[in-house]
Structure formats: structure tokens, C-alpha cells
Amino acid sequence: MGGGGRGIRVVPAAKDLEPMFRLASNEALNAFGDGRCFVEKYVEKPRHIEVQCLGDGTGDVIHLYDRDCSVQRRHQKVIETAPATGLSRETRENIFNDAVRLLKANNYRNAGTVEFLVDKDGNHYFMEVNPRVQVEHTITEEITGIDIVQSQIMIASGKTLTELGLTQDAIQEPTSYAMQCRVTTENPALDFRPDTGTIDVFRMPCGFGIRLDDGPGFQGAKITPHYDSLLVKITAKARNRKDAASKLIRALREFRVRGVQTNKSFLLNVLNNKDFLEGEVTTGFIADNPSLMSPLKERDRAQKLLHYIGEIIVNGTPKSLGATGDPPSSVNPIVPEIHMDHKEKKQSLKMIFDNHGPEAFAKAVRENEGLLITDTTWRDAHQSLLATRLRTIDMLNIAGPTSVALRNAYSLECWGGATFDVAMRFLNECPWDRLNLLREAVPDIPFQMLLRGANAVGYTSYPDNVVYEFCKLAKEAGMDVFRVFDSLNYVENMRLGIDAVGQAGGVVEAAVCYTGDVTEPKRGLYDLEYYLGFVRELEAIGIHVLAIKDMV
């Protein structure tokens, strides 16, 4: 008796017969409770070919074609493929006929697998019949479309193959290829010693042509030494062997298991092996390629980062990083007093813009005798004085005092650019709703936004009509000043934004970007004259305000 490679011994010479018999018999007795042994011809480095069959007990038996299970470690199947390739038509037909003939002679009733060894000359030798559904039945299901488990249940309930529509003529020869690997909690670097522990991370792959038959794996699962180490069977289906292997490789690379060791590196090494991909291998393939045991180096970045963050939160910053001495002293911020009943006597810039247009707005800015500021507290990222990601409710909570404290400001930059992106993608808020609510709460200060020329508020160039319509809607929703920006001073990218803002009736504030000392005479191309020439181009296009931006 035996199974899974247990209870098998090779007898190389007559003198080895007795000791090998005792070893095999004792192992079988301990593992399966039966120490009887079969003595068979030893076929050196054969291929392991098996035929999946269904019988209904009436003498009617069909085959569902073959599988190649030659990739084995210590007689234990590792990677199975279907159908088997590289066999002559004659050998293949003989194997099918012998499998069906054997089961018919015994009125076989069940799903079963007839297993053979095939030597280098194409001779096949019967090994055994497995009267059950085997681990690798999935690849046969994938290439034939027959549900083997369901068929077995229906046969057990009394149905015949004919009643189920399962005749040999109806089973078309496969035109696709399937391959299965078994992911186990075994460590290839330690002679496949089963590993135990708690699974911290468990993320299974998916995608077209991938089938998963899972077992005990999930986050938090306890892997003990008392059960089979199989976590999941991954089956790939494709048009040929290489494509199926490629899909399995992709699935294995997506598969994440943390907390216990797996045989994933070993499987990837096999699937990437040139001999495995290009030819038919024998049962000696793994023994002949010890490099397959080389471990896979995984960086495990996410878990390391989480552990680091947890360590910092619980135990604080390590002293090795300079976290020594007393903690910094706390500072109580001084909250300014805002008199909400204050009424401004002079006409605001917002009123000038609304009543007389952008040219009048620009003229009023030039004639203003004091310093005008643009406040960026409501901006996201490093420009904000408050937070990296500002929620609309946080802005609205301080909108009232802001409208008084900054009533004489040039503008509030509160929209567009990264702000638009953050609201929509990270905060799941509608940027347009935000603009409408803020405009209602702060009616008398000009609003300003960043517009990346033809890129609008995105990160790619958009069609002209999209940029024009965007600026039109932004102006109607309450935006006043549009800061049109290109980090490379590319005037053609800015031109579309400038024209769109101008047509929408907004204030065009064009930015010129520089860095370093522009008065340095040896700067080369990007000297003062270059920047003055760029500004003249912007003025000719028709801007209202010039912004000078230091990019350092």
C-alpha cells in the first residue's frame, strides 16, 4: 500500500531486495496500516502519464484525455499539465485504450485515474488505478469543460453516462492547455520541512485564465503540523504550455503569504526553467536540477513598514535616530480675536471684479498703495499652513473668521491643482460642491486656483474643448483668479489655459518660473533677458496679472 510517494523503494541490485522490501513495508504499515507490497519493473526516469476516466457501473467508460504529472519530488506530484504533449499518436491511443479497457472489464463506477509510466522509447507500463477524484483533476476540467466532481455525484445517484450526455464522441479533443501547481507551507531551503505559525498576510491572485482551489489559508489562520501543508491549488489555462506557465508565474508573483514559509520560490524556479518550458521532462527533472531549491528573495516592504510604524507608535523614536533629551516644549497658539460685525467701507477687489471685469481688477491691484497677500491656508500639500489634506468641513468651520480677517486680501487660493485631485481621489468629496459652499460662505474675497495650462487640474493634456468648458464652469461656480502655470515656461502649453480663462471672463494670472540669480551674467541661456522675453510673450497673449514663482 502507498500514496503520495510513501512506501516506494527502488531496488538497484538483488542484494538490496530484502532491506528495501522491509523499509517499504514498514513505511506503508505505519502510514496506511497495511504492509503488503507490489513488486514491479523499475523504469528509470520515465514520464508519469495518467488518464482521467468516468465509469457508470454498466460497463460504459469514457476517458477525459491525459495529464502529465512528471514533475515530482520524491514521487510526490508538484506541477501537473494537461493534455500530455510529446507522445506519439500511437502511444497516446494505446494508453487511452488500455485505461478504458481495464475499467470496462471491471464495470468501474466512479471517477477514476489510470496511471502509467512511459519510458524514453514510448513504451507504457501500468502503475495503478486511483478510484477517486485526484488533486490535479482541475486541469482536466479546464481543458474539457466537464465538471468531474458533479459527474461523479450524478453517477453515484444512479445516472448513466448516456443520460448525462457523456459519450466519448461528445468529448472533443482539447485545444487549450492547463497547468496546476500546489502552494504549500513548506520551506524548500530546509528540504521542504513543513512550516507552522500564524498567517499575517494572505492575498490570493486572480485574473483571466486563473482558477483557485483554496484550503486553510486566510489572514490570522493557524498553520499546525497536524494537517496537510497544502494552502491552495492554482490552475492556469491558456492556448499553449508557455502561456499557461506565464500565467502561473504572474499569479504566484501576485500571491502574498506572510507569517509562514511557502514553496513559492521553488515553483517559480520550476516554471522559469528553460527545459521545463521547452520540452517534456521526466520524473528525474527535480533531482537533476538542484538549483530549483534556490530561495526567492522577497522584500516584504509593506509588513516591514507596518512593523516599524507600530514600533514607533508604541515605543517611540529610537535613540539611535537622535531622539534623546527632553521632549520639545508645548506652545499654546494665540488665537486672534475676530470681530464678525466689522463692515468694510471701501469697495473690495471682489466687488470691482464682479462689477467691472478683470481689467478693472488688475488696474485696482496696480493702484493699491499697500501690500496685498494671497492666502494659501486652504491649499493642500506643502503650500497649506494647516494640513496636507483639508476637508471641506474644516474650511467651512473657519470660513466666517477668514472672510473678516482676510477681507483686504488679493485672493484666497483654495481650489484647482492638487486641491482638486485630493478632494476627489483621497477625501471622496466633490470639488465642485466644495467651491460652491466656500463661495457662499466667503462672498467678498477673490478666489484663486492653479490651472496647469492644457493639463487643467490633471496630469495629462486634455482636448481644448474640455479645458474651455472646465474654465467656464469654474468661473460660474465662483472662481475669480486663475493662476496659469507651466514649470518649464512652455508658452504653448500655457496659451490654451490663458485663452480659456479669458473667454470664461476670469482674471488671467500667468506665472513665470525661475530659480537662482537671474542677474548673473554668466548664466547662459536662462539669464534675465530670457525671462523678460518670456514675460513679453505672455503680455502679448493677453494676461491681466503676472506671477513670479521661485522654484527653489
Donor-acceptor contact present, side-chain Arg241 to main-chain Ala238, <3.5 Å: no
Worked check of salt bridge (Lys or Arg N to Asp or Glu O under 4.0 Å) between Asp480 and Lys350: CA-CA 8 Å; Asp480 305 305; Lys350 171 64 174 169; 2.7 Å; yes
Heavy-atom pair with the smallest gap, counting every atom of Ser461 and Asn455: OG-OD1, 3.6 Å
Atom of Ile210, atom of Lys247 and distance for their closest heavy-atom approach: CD1-O, 3.7 Å
Under 3.5 Å side-chain donor-acceptor pair for Thr138 and Gln180: yes
Side-chain (Asn355) to main-chain (Met351) donor-acceptor, under 3.5 angstrom: yes
Any residue meeting ring-ring contact (aromatic ring centres under 6.0 Å, His included) with Phe485, in chain and number order, not counting sequence neighbours: none
Lys/Arg cation over aromatic Phe447: Arg439, 6.0 Å, 45° cone: yes
Tyr514-Tyr526 aromatic ring centre distance below 6.0 Å: no
Whether Lys264 side chain and Leu252 backbone form a donor-acceptor pair below 3.5 Å: yes
Ionic contact status for Asp486 with Arg452, cut-off 4.0 Å: no
Pairing residues for Lys222 by the salt bridge (charged side-chain N to carboxylate O under 4.0 Å, His left out) criterion, not counting sequence neighbours: none
No-hydrogen, no-angle side-chain donor-acceptor test under 3.5 Å, Asp243 and Asn240: yes
More than 12 heavy atoms from other groups under 6.0 Å of CG on Leu305: yes
Donor-acceptor contact below 3.5 Å, side chain His544 vs main chain Val508: yes
CD (Glu539) with more than 12 external heavy atoms under 6.0 Å: no
Check: Arg379 side chain, Thr376 main-chain N or O, donor-acceptor pair, under 3.5 Å: no
Shortest non-hydrogen contact between Leu248 and Met179, atoms and distance: CD1-CG, 3.5 Å
Crowding at CD1, Ile548 (>12 non-hydrogen neighbours, <6.0 Å): no
Cationic N near anionic O, under 4.0 Å, Lys363 to Glu359: no
Test item: Asp195 side-chain N/O and Asn187 main-chain N/O as donor-acceptor pair under 3.5 Å: no
Polar side-chain atom of His307 near backbone of Lys304 as donor-acceptor pair, under 3.5 Å: no
Any donor-acceptor N/O pair, Ser246 side chain to Lys242 backbone, under 3.5 Å: no
is_close_aromatic(Phe420, Trp415), centroid dist under 6.0 Å: yes
Backbone N/O of Ala364 and side chain of Asn368: donor-acceptor pair under 3.5 Å: no
Over 12 non-hydrogen atoms of neighbours within 6.0 angstrom of CD in Glu440: no
Arg523 bridged to Asp527 by N-O distance under 4.0 Å: no
Heavy atoms from other residues, nucleotides or ligands near CZ of Phe208 exceed 12 (cutoff 6.0 Å): no
Centroid-centroid distance, Phe192 to Phe266, less than 6.0 Å: yes
Under 3.5 Å side-chain donor-acceptor pair for Thr224 and Thr196: no
Heavy-atom donor-acceptor pair, Gln503 side chain to Tyr468 backbone, under 3.5 Å: no
Within 6.0 Å of OH in Tyr227, more than 12 heavy atoms from elsewhere: no
Ion pair Glu492/Arg495, N-O distance below 4.0 Å: yes
Taking every non-hydrogen atom, the tightest pair across Ser151 and Ile146: OG-CG2, 3.8 Å
Electrostatic pair Arg67-Glu80, nearest N-O below 4.0 angstrom: no
Closest heavy-atom pair and its distance - Trp378, Ile398: NE1-CD1, 3.4 Å
Validation row, ring centre Phe361 to ring centre Tyr410 under 6.0 Å: yes
Lys/Arg-Asp/Glu bridge criterion (N-O < 4.0 Å) met for Glu136, Lys233: no
Exercise: identify the closest heavy-atom pair between Pro83 and Ile143: N-CD1, 3.8 Å
Worked check of salt bridge (Lys or Arg N to Asp or Glu O under 4.0 Å) between Arg193 and Glu186: CA-CA 5 Å; Arg193 180 187 301 170; Glu186 296 175 322; over 6 Å; no
Under-4.0 Å salt bridge between Glu142 and Arg211: yes
